[in-house]
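Working notes, beginning with the structure itself.
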Amino acid sequence: MLDLDLCDDLAVLLAYPRADFRVRLESCLARAERDHSDTAGHLFRFAKAVDGLSIEQLQEQYTATFDVNPPASLEVGWHLYGENYDRGAFMVRMREALAAAGVEESSELPDHLTHLISLVGRLDVKAATTLTVESIRPALDKMVAGLEPSKSPFLPLLSATRTALDELVGEPV
């Protein structure tokens, strides 16, 4: 069963940190503890990794982790297609899917992980599974691999996201 609130909380945590970051982290953690124990374990590690960091420090870490580190970029289409035509076609499909599901785009491109996680929570199980298995999970695996050498505090958050998707749409095939 899909959990819209968990998807939305994860999407917020995967976005550039805002003032309400800690509140959203606590909300996500509480929901995961209650309904998604495997995801909760990763979220606890993430909470511990960012404990004591100011919002400015979180923002600096976020930028260093995702914005200037191509192997960990949060743009799913880039991990799947690179900078070729197929990525553009993927972004068009994602923009259409986001609009149809009522997911408001931010300043990020339509293939950004934050958008696609929110989308998963609004799709039926079959469509969510297809999007996850064919696009999100392969990109997430590359993002995690790109972050492992850096020991970024955001690595457990990506692991939590991957685990949550596995819990929501099924185990990896």
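Numbers here simply count residues along the sequence, with the first being 1. Everything quoted here is computed from the prediction, not taken from an experiment.
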Run the side chain to side chain contact (heavy atoms under 4.5 Å, CB included) check on Leu53 and Arg22 step by step: do they pass? CA-CA 10 Å; Leu53 296 179; Arg22 301 240 182 252; 4.1 Å; yes
Between Asp8 and Arg122, does the salt bridge (Lys or Arg N to Asp or Glu O under 4.0 Å) criterion hold? Intermediate values first, please. CA-CA 10 Å; Asp8 284 346; Arg122 287 162 175 80; 2.8 Å; yes
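- Taken together through direct or relayed side-chain contacts under 4.5 Å among Ile, Leu, Val, Met, Phe, Trp and Tyr, Leu140 and Trp78 form parts of separate hydrophobic clusters.
- With values rounded to the nearest 0.5 angstrom, Ser159 atom OG is found 7.5 Å from Glu148 atom CD.
- Residues Ile117 and Leu14 are in side-chain contact: their nearest non-hydrogen atoms beyond the backbone lie under 4.5 Å apart.
- Gln57 CD to Gln59 CD: the interatomic distance, rounded to the nearest 0.5 Å, is 10.5 Å.
- For the pair Thr63 (side chain) and Glu60 (backbone), a donor-acceptor distance under 3.5 Å is absent.
- Connection of Phe21 to Leu158 is established within a shared hydrophobic cluster, with ILVMFWY side chains joined at heavy-atom distances below 4.5 Å, either directly or through further cluster members.
- Using modelled atom types and a 3.5 Å distance limit, the side chains of His115 and Ser106 yield a donor-acceptor pair.
- Listed for the Glu105 side chain is no donor-acceptor partner under 3.5 Å among the backbone atoms of Leu98.
- For the residue pair Leu43 and Cys28, the shortest heavy atom distance occurs at CD1-SG, 3.7 Å.
- With hydrophobic clusters built from ILVMFWY side chains whose heavy atoms lie under 4.5 angstrom apart, Leu147 shares a cluster with Leu58.
- Side-chain atoms of Tyr81 do not come within 3.5 Å of backbone N or O of Val76 as any donor-acceptor pair.
- Between Gly146 and Pro71, the shortest heavy-atom contact is CA-CB, 3.8 Å.
- Leu157 has its side chain within reach of Leu10: a pair of non-hydrogen atoms, C-beta onward, lies under 4.5 Å apart.
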Apply the test side chain to side chain donor-acceptor pair (under 3.5 Å) to residues Glu108 and Thr114: give CA-CA distance (whole Å), side-chain angles for both, the deciding distance (0.1 Å), then the verdict. CA-CA 9 Å; Glu108 301 293 350; Thr114 55; over 6 Å; no
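- With hydrogens and angles ignored, the 3.5 Å screen pairs no side-chain donor or acceptor of Asp20 with any backbone N or O of Val23.
- Checking each of Asp141, Leu80, Leu113 against Ile136 for a side-chain contact (heavy atoms from CB on, under 4.5 Å) leaves exactly one that passes, namely Leu113.
- Aromatic ring orientation, Phe46 versus Phe154: tilted (interplanar angle from 30° to 60°).
- Asp166 is not listed as a side-chain neighbour of His36, based on a closest heavy-atom distance of 4.5 Å or more.
- The shortest heavy-atom contact between Ala101 and Leu119 is CB-CD1, 3.5 Å.
- In this structure, the side chains of Leu25 and Val12 stay at 4.5 Å or more apart for every pair of heavy atoms.
- For the pair Leu109 and Arg87, the minimum side-chain heavy-atom distance is below 4.5 Å.
- The same ILVMFWY cluster, assembled from side-chain heavy atoms under 4.5 Å apart, contains both Ile55 and Tyr62.
- The main-chain N or O of Asp111 is never found under 3.5 Å from a side-chain atom of Glu75 such that the two would form a donor-acceptor pair.
- Side-chain contact check for Leu131 versus Met94: some heavy-atom pair is nearer than 4.5 Å.
- Across all their heavy atoms, Phe66 and Ala72 have their closest contact at CD2-O, 3.1 Å.
- Proximity of Leu155 to Val144: side-chain heavy atoms (C-beta onward) are separated by under 4.5 Å at one or more points.
- Between the side chain of His79 and the main chain of Ser73, a donor-acceptor pair closer than 3.5 Å is present.
- In the hydrophobic clustering of ILVMFWY residues, with side-chain heavy atoms under 4.5 Å counting as a link, Leu74 and Val50 come out together.
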